[in-house]
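Nothing here was measured: the structure is a model prediction, and the numbers come from that model.
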Amino acid sequence: MPSPPGVLRIGNASGFYGDRFDALREMLTGGPLDVLTGDYLAELTMLILGRDRLKNPDTGYAKTFLRQLEEGLGLAHERGVRIVTNAGGLNPAGLAAAVRALAERVGVPVRVAHVEGDDLLARGGWGDGVLTANAYLGGAGIAACLRAGADVVVTGRVTDAALVTGPAAAHFGWDLTGPEGPDDPDRPGDLDALAGTVVAGHVLECGTQATGGNYSFFTRHDIRRPGFPLAEIHADGSAVITKHDGTGGVVDVGTVTAQLLYETGGARYAGPDVTARLDTVRLDQDGPDRVRISGVRGEPPPPDLKVGLNRLGGLRNEIVFVLTGLDIDAKARLVRGQVEDALAGRCPAEVRWELARTDRPDADTEETASALLRLVVRDSDPEVVGRAVSGAAVELALGSYPGFHVTAPPGKGVPYGVFEAAYVDASEVAHTAVLPDGRRVAVPTPLRTRALEPVPAPSPPEPLPAGLPTRRVPLGLVVGARSGDKGGDANVGVWARSEDGWRWLAHQLTTDRFRELIPESRELTVVRHLLPRLRAVNFTVEGLLGEGVAAQARFDPQAKALGEWLRARHADIPEVLL
């Protein structure tokens with residue numbers, strides 16, 4: 001079944017490396033599509049692939065994708081669906097060759113192309129221990145491959161939205177390099193269309209997070225098995241986010257707002273193709289499980305490309321002591337002092353203790369009568385984080401607090417990674433499309449760029465009348481939230497479901513109030529951005545996650561639940577909102 005005239009239907013079948021395996025088949029058989037995308041890469045994934053490549057230089061890509069294609073390649077060919085994925089990771093050429101070999105083995109005639117140039121490790125100058133160094137490319141290389149007739153396009157590190165901007169630019173003929181000459185608001189070229197598609201791509205990139213997965217108000221919908229999202233892209237860059245008929249989950253303004261706020265910051269959402277103005281986004285319910293995105297304005301992209309750097313930071317070990325029943329604090333003090341005495345003279349470079357009071361008084365199960373004391377150590381010396389720590393814990397088994405046990409036997413230290421971001425001039429990156437016939441085509445950089453600057457803060461809405469009766473209840477009764485990680489920073493987007501809720505939220509959830517509710521952030525820089533059209537405030541908490549997810553410096557290392565913690569905090573909320 002073809003797409004409606006003038007519409008490009010782009011679906012998503014993967015939001016991360018390890019997502020639902022049968023999603024690719026579901027998307028290909030569930031309804032009409034023109035392009036199917038798969039996002040397999042994250043900061044942590046690049047570290048995992050880097051370690052794979054150390055063991056075998058022929059690897060470095062997402063092997064799951066190949067297994068999904070064993071059936072999916074034939075289905076895509078039968079239905080005329082093109083596949084675009086960043087599963088190439090650190091070795092897009094290797095994955096492209098593997099796809100060709102698979103196609104020959106299963107007897108499916110497909111034209112395979114790939115995009116490279118993002119891998120900057122050989123360039124050097126990144127510092128000691130860097131395992132991966134990859135620039136975030138845009139969609140122009142993907143567009144070149146599709147225009148050359150590719151059925152499957154494999155990339156390395158591109159922005160998540162590039163998986164959508166590339167196919168849309170190829171289909172509608174948009175110019176990804178932009179008009180030459182000074183900025184002219186009356187001559188925007190294709191920037192607005194590209195910006196609208198970036199927004200749609202950002203909504204699609206995390207798969208079922210757009211269709212009710214990980215959604216604050218999940219109890220109001222059946223999301224046991226949400227369907228994967230798709231976008232109906234129009235020639236002006238507007239789009240409708242939806243899903244195949246008959247699939248689970250829900251697509252409404254709330255689910256799309258949640259995903260739009262995920263891992264973003266201020267009004268300018270920068271990428272290598274275009275800078276999208278999030279403060280211009282308009283979301284409208286367009287029918288059941290249909291949300292229209294329109295009004296997005298675009299600006300020239302910045303002149304620099306972000307480069308993600310992963311390095312091995314050292315070794316890490318963890319022991320969780322179980323403390324049961326009475327005198328929890330005294331038990332924690334005892335075992336902590338014993339371990340610290342045992343480590344004297346061979347103390348790891350970093351030692352962190354955290355007591356989680358998960359216990360309840362008069363509990364009717366042993367588990368709910370227990371608290372967890374977590375010890376995390378880091379050092380470059382395997383002996384210091386391994387045998388020294390595990391020995392200190394094991395030797396206490398019969399001579400410490402009553403009821404002594406741990407959740408798992410102590411072991412050796414394991415490597416952990418550190419993520420950093422660097423920036424290089426886009427003209428220094430050899431963005432290259434390798435076409436189905438093997439020709440290598442250099443992808444030009446945008447002709448017009450603009451350095452990023454903060455957008456002036458918008459005026460907040462009129463506050464609610466003073467003196468309204470309030471009740472002290474959880475914030476989450478009136479607002480939704482979604483949170484995530486960007487390197488060592490955490491992002492928390494909070495939105496109101498009504499106009500009156502927005503009038504209250506914009507004035508009450510200030511940076512000072514955020515710090516009060518999230519004590520971890522009190523000594524950190526917290527930046528707040530108002531997004532009135534989304535009825536949202538977006539917070540960036542700088543440094544909350546230390547050296548990034550792979551360092552596992554925090555109980556919730558990717559800040560996935562930070563927004564839900566915020567929603568669980570109590571505030572005096574006007575009764576008219578409840």
Side-chain angles (χ1 to χ4, degrees), residues 16 41-51 126-134 136 262-265 306-320 336 339-340 343 347-356 372-382 384-386 389 412-423 481-493 511 514-528 538-566:
F16 68 101
L41 300 184
E43 293 165 0
L44 179 60
T45 316
M46 298 300 280
L47 178 68
I48 293 169
L49 295 177
R51 293 178 63 186
W126 305 117
D128 295 336
V130 172
L131 190 60
T132 69
N134 294 79
Y136 288 71
Y262 180 64
E263 296 181 347
T264 59
K306 177 181 175 181
V307 181
L309 306 175
N310 280 287
R311 60 181 173 84
L312 295 177
L315 296 162
R316 175 186 184 277
N317 204 350
E318 176 177 329
I319 301 173
V320 180
R336 176 171 177 172
V339 171
E340 289 174 346
L343 293 178
C347 189
E350 182 180 349
V351 179
R352 295 182 55 157
W353 293 89
E354 185 169 355
L355 176 60
L372 301 176
L373 177 64
R374 182 169 173 251
L375 166 65
V376 177
V377 298
R378 291 188 178 83
D379 201 286
S380 59
D381 186 338
V384 170
V385 299
V389 172
K412 299 177 180 179
V414 296
Y416 72 89
V418 173
F419 177 84
E420 302 171 45
Y423 293 86
R482 172 143 316 148
S483 56
D485 64 301
K486 277 295 184 185
D489 300 340
N491 144 254
V492 188
T511 54
F514 183 94
R515 288 191 180 97
E516 291 174 10
L517 295 170
I518 306 296
E520 281 182 273
S521 68
R522 289 177 184 171
E523 304 301 320
L524 302 174
T525 299
V526 179
V527 181
R528 185 181 90 146
N538 214 1
F539 293 92
T540 300
V541 187
E542 297 180 6
L544 183 72
L545 306 180
E547 296 175 301
V549 54
Q552 296 187 346
R554 188 175 177 272
F555 169 68
D556 173 18
Q558 290 182 278
K560 296 293 188 183
L562 183 60
E564 287 302 293
W565 178 24
L566 178 66

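With sequence neighbours left out, Val414 forms a side chain to side chain contact (heavy atoms under 4.5 Å, CB included) with no residue at all. Residues passing the side chain to side chain donor-acceptor pair (under 3.5 Å) test with Arg374 are Glu318, sequence neighbours excluded. Listed by chain and number, the residues in a ring-ring contact (aromatic ring centres under 6.0 Å, His included) with Phe514 are Phe539 (sequence neighbours excluded). Every residue two or more places apart in sequence or in another chain was checked for a side chain to side chain donor-acceptor pair (under 3.5 Å) with Asn317, and none qualifies. For Glu564, the salt bridge (Lys or Arg N to Asp or Glu O under 4.0 Å) criterion is met by Arg567, not counting sequence neighbours. Residues meeting the side chain to side chain contact (heavy atoms under 4.5 Å, CB included) test with Leu131, sequence neighbours left out: Leu47, Arg51, Leu54, Leu312. Listed by chain and residue number, Arg513 satisfy the salt bridge (Lys or Arg N to Asp or Glu O under 4.0 Å) test with Glu516 (two or more places apart in sequence, or in another chain). A search for side chain to side chain donor-acceptor pair (under 3.5 Å) contacts involving Arg352 returns nothing, not counting sequence neighbours. Residues passing the salt bridge (Lys or Arg N to Asp or Glu O under 4.0 Å) test with Arg336 are Glu340, sequence neighbours excluded. For Asp556, the salt bridge (Lys or Arg N to Asp or Glu O under 4.0 Å) partners two or more places apart in sequence, or in a different chain, are Arg554. For the side chain to side chain contact (heavy atoms under 4.5 Å, CB included) test, residues two or more places apart in sequence or in another chain that qualify with Asp489 are Thr540, Glu542.
Sequence neighbours left out, the pairs with a member in residues 412-421 that pass side-chain hydrogen bond (donor to acceptor under 3.5 Å, both in side chains) are Arg311-Glu420.
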